[in-house]
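To start, the structure itself, in structure tokens.
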Amino acid sequence: MKRKRVAILISGSGSNMVKLVESMADSGHPGEAVLVLANKAEAGGLTKAEALGVPVAVVAHKGKTREEFEAEVSAVLEAAEVDIVCLAGFMRVLSAAFVREWQGRILNIHPSLLPLFKGLDTHQRALDAGMAVHGATVHQVTADLDAGPILGQAVMPVHEDDTAETLAARLLPLEHRLYPEVLARFAAGSRGRVALFA
Ligand code: GAR
């Protein structure tokens, strides 16, 4: 079967992106990393992607309307003949029009157990809510923020002395296991859910 062409969109350090790219290095993987795209030239993940031999692109959002920015992103994705778009620490909300264009082909990783704590500051909000567990979710992206069908979740305990920083640091290695596992299944055509426990 032809491997799915995967683009990864980042805004920052790109640690999830690195794990996704590494997971696709095996030629038996149903996906192939063909592009890493950042919305900022200073995104730390860009040099990591280059070191991994993946083509990179920057489409800056600054100074553009959402429509202009997204039209440019779409053009770059289309030129690379992308089949699947993985958002990995990509901190721009995508419009309904963009999501419609890439319908059923966009995944996102979010640092909470959705549908809890959509949006930002997820770790602090989990602490404030008195949660005994916390986690991350990979889901399909739809026009509603952080609300598309869930494809996998990773769960870990919250400790008495946890802070937003310790939660984030403990969650990241779980995200690094979860996202590649979900992507491998998704690229192979499965929509079954992955459950991981710390
Ligand atoms: C990850 O924790 C990811 O879940 C989160 O940003 C971090 C990115 O880390 N994503 C969001 O908050 C999306 N709204 P990374 O750049 O090192 O992969």
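All heavy atoms count here, side chains included; hydrogens, waters and symmetry mates do not. Whatever order the structure lists ligands and atoms in, that order sets their numbers, starting from 1. Numbers for residues simply follow the sequence, beginning at 1.
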May I ask you to check if ligand 1 and Asn108 share an N or O to N or O distance below 3.5 Å?
-> no
Among all protein non-hydrogen atoms, which one is nearest to atom 13 (C) of ligand 1, and what is the separation to 0.1 Å?
-> Met91 SD, 3.7 Å
For atom 9 (O) of ligand 1, closest protein heavy-atom neighbour = Asn16 ND2, 4.0 Å
Of the listed options (Pro111, Gly44, Ala136), which comes nearest to atom 5 (C) of ligand 1 when hydrogens are ignored and any heavy atom counts?
-> Pro111
Any donor-acceptor pair under 3.5 Å linking the side chain of Thr122 with the backbone of Phe117?
-> no
Give a yes-or-no answer on whether the side chains of His139 and His110 include a donor-acceptor pair shorter than 3.5 Å.
-> no
Judged by atom type as modelled, is there a donor-acceptor pair below 3.5 Å linking the side chain of Arg185 to the main-chain atoms of Ser190?
-> no
Mind checking whether Ile109 has a heavy atom under 4.0 Å from ligand 1?
-> yes
Of the protein's non-hydrogen atoms, which lies at the shortest distance from atom 3 (C) of ligand 1, and what is that distance?
-> Glu175 OE1, 3.3 Å
Heavy-atom neighbours of Lys62 NZ exceed 12 at 6.0 Å = no
Quick check: does Gly14 get an N/O under 3.5 Å from an N/O on ligand 1?
-> yes
closest protein heavy atom to atom 6 (O) of ligand 1 is Gly89 CA, 3.9 Å
Quick one: look up the protein heavy atom nearest atom 17 (O) of ligand 1 and list residue, atom name and how far away it is.
-> Ser15 OG, 2.6 Å
Closer than 4.0 angstrom: is that true for some heavy atom of Ser13 and an atom of ligand 1?
-> yes
Would a 4.5 Å heavy-atom cut-off, applied to side chains only, mark Phe90 and Met17 as touching?
-> no
What is the minimum heavy-atom distance between Leu172 and Ser15, and which atoms define it?
-> CD2-OG, 3.6 Å
Does Glu22 reach the main-chain N or O of Leu52 with its side chain, forming a donor-acceptor pair under 3.5 Å?
-> no
